[in-house]
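Here is the structure we will look at, set down as structure tokens.
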Amino acid sequence: MSRHDAQALILAAGKGTRMKSARAKALHPLLGVPLLEHVLRAVQGVGVEPVTVVVGHQADGIEAAFAGRGLAFVRQEPPLGTGHAVQAARELIAAGRARTLLAVNGDLPLLRSQTLAALLDAHRRGGGAATLLSVVLEDPAEYGRVLREADGSVRAIVEARDATAEQKRIPEINAGVYAFDVDRLLEVLGQLRPQNAQGEFYLTDVVGLLRAAGRQVGAMTAADGREGLGVNSHAELASAARLLRARRCAELMAAGVAIEDPETTFVGLDAEVEADALLRPFTLLEGRTRVAAGAMVGPFARLVDTTVGRGAQVLDHCLLRECVVEAEASVGPFAHVRPESRIGVKAKVGNFVELKKTRLGEGSKAPHLSYIGDATVGPGVNIGAGTITCNYDGVHKHPTRIEAGAFIGSDTTLVAPVTIGEGAYIAAGSAITEDVPAGALALGRARQVVKPGWAEARRQKAGAAKGPRGEQG
Ligand code: UD1
Ligand code: MG
């Protein structure tokens, strides 16, 4: 059920020339998701439908990235301007049931659903042929300027490149978001002409055309000018990222999350953090990362698609990806936990330890300098410093099993496939190539040989060979 009786059109066919990138502007990542995703979420949050996206530059890539999202796509090839983009969707718009069109530039990542909803409300109340969203900026830069009549209605939008010096001083700019009465729009859409500095069909010229046809155009000014930030360059992408990060951290702090330094903390759009979790400086939570109450992450930690349980700790300088850290477990400092790993309740992964596809049972410990891969480790196991699972024979990966309560001495190599039985002991420095039964002690190393007095004898022999004056013999 749609809250607003409107159809939506997102313009995303532009090349993004100012990005100077081979990648389509819509696909540049921002807080872990494509730029277009931010706009799409804002639009979908209003409950309008259908949502159509105009694509042109790298259309296949954009359609693939947003497949299965219930969107309609229209091709604009080649893209000849924002007005031309709407012309490309003309038939779809005309056929749409809703007689209001919400048209949104695809490069506005700070736009919020409530602002779009307010624009649609203002449009309905105003009763004009179109209502555009404006913002007032200290530095209106390259944005289109809004020219108002004495009665406050909108006379025209003039692009910065086509503006007079006087018009350029107008601080109110066109945000690139419009509510149109569909029938009025279609009456003038065909009249756009590319007679401007860029030789493009400007959607903004529709305003002047509507006025010439005797229609009214209104504008709603967004309270927060940041919502009008358009991303046209890498510098603007970075500004948007900074603002979005700050907004995300502010939301989380308002909900009870402790963030020591929001300026250096990155919480992706789809990451979730519970109240009373603590994020220390330079922490990055990416993808579908979850951090539970009482957990602490950072400083300098990067977690991707990772779940951190209640009261767990991920200490300084860790990288964790697609793994689970259960309640009250501890990871780091300087640990690398790779996909499909699960660190059990109260388990410990210490410094310079790498885990891959490994389950570490409750209370088990790998405190120092280890590589544990393709392993299943039961509860209460102690893995000594420098232990390595040799899981790869150059062709295949093999599993290691370490059962409950086993003790693996320091500097052990476990040549997989191999199983260490419950409660077994492995002597330090062993190379273990065969299974060890439960309760056994295994030694896989050469016995130490001690030769008393050997060192002194060697020195004397060396001295004799040199002769009394140190000459070579
Ligand atoms: C546009 C507005 C400007 C406004 C600014 C707000 C016009 C002519 N100008 O300028 O008044 O202040 O946005 O950010 O509309 N696109 C297409 N097909 C095209 C060209 C563009 O789909 O042929 C899409 C782009 O992918 C982009 C959006 O339309 O998402 C806006 O295009 P862009 O080139 O960024 O316009 P601006 O110069 O920013
Ligand atoms: Mg733009």
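Positions are given from 1, in the same order as the sequence printed here. Whatever order the structure lists ligands and atoms in, that order sets their numbers, starting from 1. From a predicted model like this one, the values you see are computed outputs, not experimental measurements.
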>> Just by distance, no angles: are the side chains of His28 and Ser21 close enough, under 3.5 Å, to form a donor-acceptor pair?
In response: yes
>> Ignoring hydrogens, what is the shortest heavy-atom contact between Leu30 and Pro109? Give both atom names and the distance.
In response: CD2-CB, 3.4 Å
>> Quick check on contacts: which atoms of ligand 1 are under 4.0 angstrom from a heavy atom of Ala85?
In response: 17 (C), 18 (N), 22 (O)
>> Before you tell me yes or no, could you show the steps for Asp305 and Arg321 under salt bridge (Lys or Arg N to Asp or Glu O under 4.0 Å), namely the whole-Å CA-CA distance, both residues' side-chain angles and the distance that decides it to 0.1 Å?
In response: CA-CA 6 Å; Asp305 296 319; Arg321 198 184 278 276; over 6 Å; no
> Can you find an N/O atom of Lys25 closer than 3.5 Å to an N/O atom of ligand 1?
Replying inline: yes
> Of Arg342, Arg359, Lys346, Lys348, which is the lone residue that meets salt bridge (charged side-chain N to carboxylate O under 4.0 Å, His left out) with Glu326?
Replying inline: Arg342
>> Within the 4.0 Å heavy-atom shell around Ala12, which atoms of ligand 1 are there?
In response: 22 (O), 26 (O)
>> Check whether Gln7 reaches the backbone of Ile93 with its side chain - one donor and one acceptor, N or O, closer than 3.5 Å.
In response: yes
> For ligand 1, which atoms, with element, lie under 4.0 Å from some heavy atom of Asn232?
Replying inline: 35 (O), 39 (O)
>> With a 3.5 Å distance limit and no angle check, can you tell me whether Thr306 reaches the backbone of Leu303 through a side-chain donor-acceptor pair?
In response: no
>> Give me the nearest non-hydrogen protein atom to atom 14 (O) of ligand 1 as residue plus atom name, then the distance to 0.1 Å.
In response: Tyr143 CE2, 3.7 Å
> When you measure from the Mg ion (ligand 2) to each N, O or S atom of Asp107, which atom gives the shortest distance?
Replying inline: OD2
> Would you say the side-chain atoms of Gln198 and Arg161 include a donor-acceptor pair closer than 3.5 Å?
Replying inline: yes
> Does Arg193 pair with Glu200 as a salt bridge, N-O distance under 4.0 Å?
Replying inline: no
> So which heavy atom in the protein is nearest atom 4 (C) of ligand 1, and how far is it from that ligand atom?
Replying inline: Asn174 O, 3.2 Å
> Any N or O of Gly106 that comes nearer than 3.5 Å to an N or O of ligand 1?
Replying inline: yes
>> Could you identify the single nearest non-hydrogen protein atom to atom 17 (C) of ligand 1 and state the distance to 0.1 Å?
In response: Gly14 N, 3.4 Å
>> Pair Leu11, Val104 - check side-chain contact (heavy atoms from CB on, under 4.5 Å), show working.
In response: CA-CA 6 Å; Leu11 313 186; Val104 183; over 6 Å; no
>> With a 4.0 Å cut-off on N to O distance, would you call Glu328 and Arg310 a salt bridge?
In response: no
> Taking all atoms of both residues into account, what is the closest heavy-atom pair of Arg248 and Val267, and its distance?
Replying inline: CG-O, 3.3 Å
> Counting heavy atoms only, which of Asn105, Asn196, Thr82, Val53 comes nearest to atom 1 (C) of ligand 1?
Replying inline: Asn105
> Identify the closest protein heavy atom to atom 18 (N) of ligand 1: which residue and atom is it, and at what distance?
Replying inline: Gln76 OE1, 2.7 Å
> Looking at atom 36 (O) of ligand 1, what's its closest protein heavy atom, distance included?
Replying inline: Arg18 NH2, 4.3 Å
> What are the atoms of ligand 1, with element, lying closer than 4.0 Å to any heavy atom of Asp107?
Replying inline: 30 (O), 35 (O)
> Would you say Ala175 contacts ligand 1, with heavy atoms under 4.0 Å as the rule?
Replying inline: yes
> Which ligand 1 atoms does Tyr202 reach within 4.0 Å, using its non-hydrogen atoms?
Replying inline: 8 (C)
> What protein heavy atom sits nearest atom 27 (C) of ligand 1, and how far away is it?
Replying inline: Leu11 O, 3.6 Å
>> Please list the nearest protein heavy atom to atom 11 (O) of ligand 1 with its residue and the distance rounded to 0.1 Å.
In response: Glu159 OE2, 2.6 Å
>> At less than 2.8 Å, would any N/O/S atom of Asn105, backbone or side chain, sit next to the Mg ion (ligand 2)?
In response: no
>> Could you work out, for atom 19 (C) of ligand 1, the closest of Ala26, Gly81, Ala13, Gly144 by heavy-atom distance?
In response: Gly81
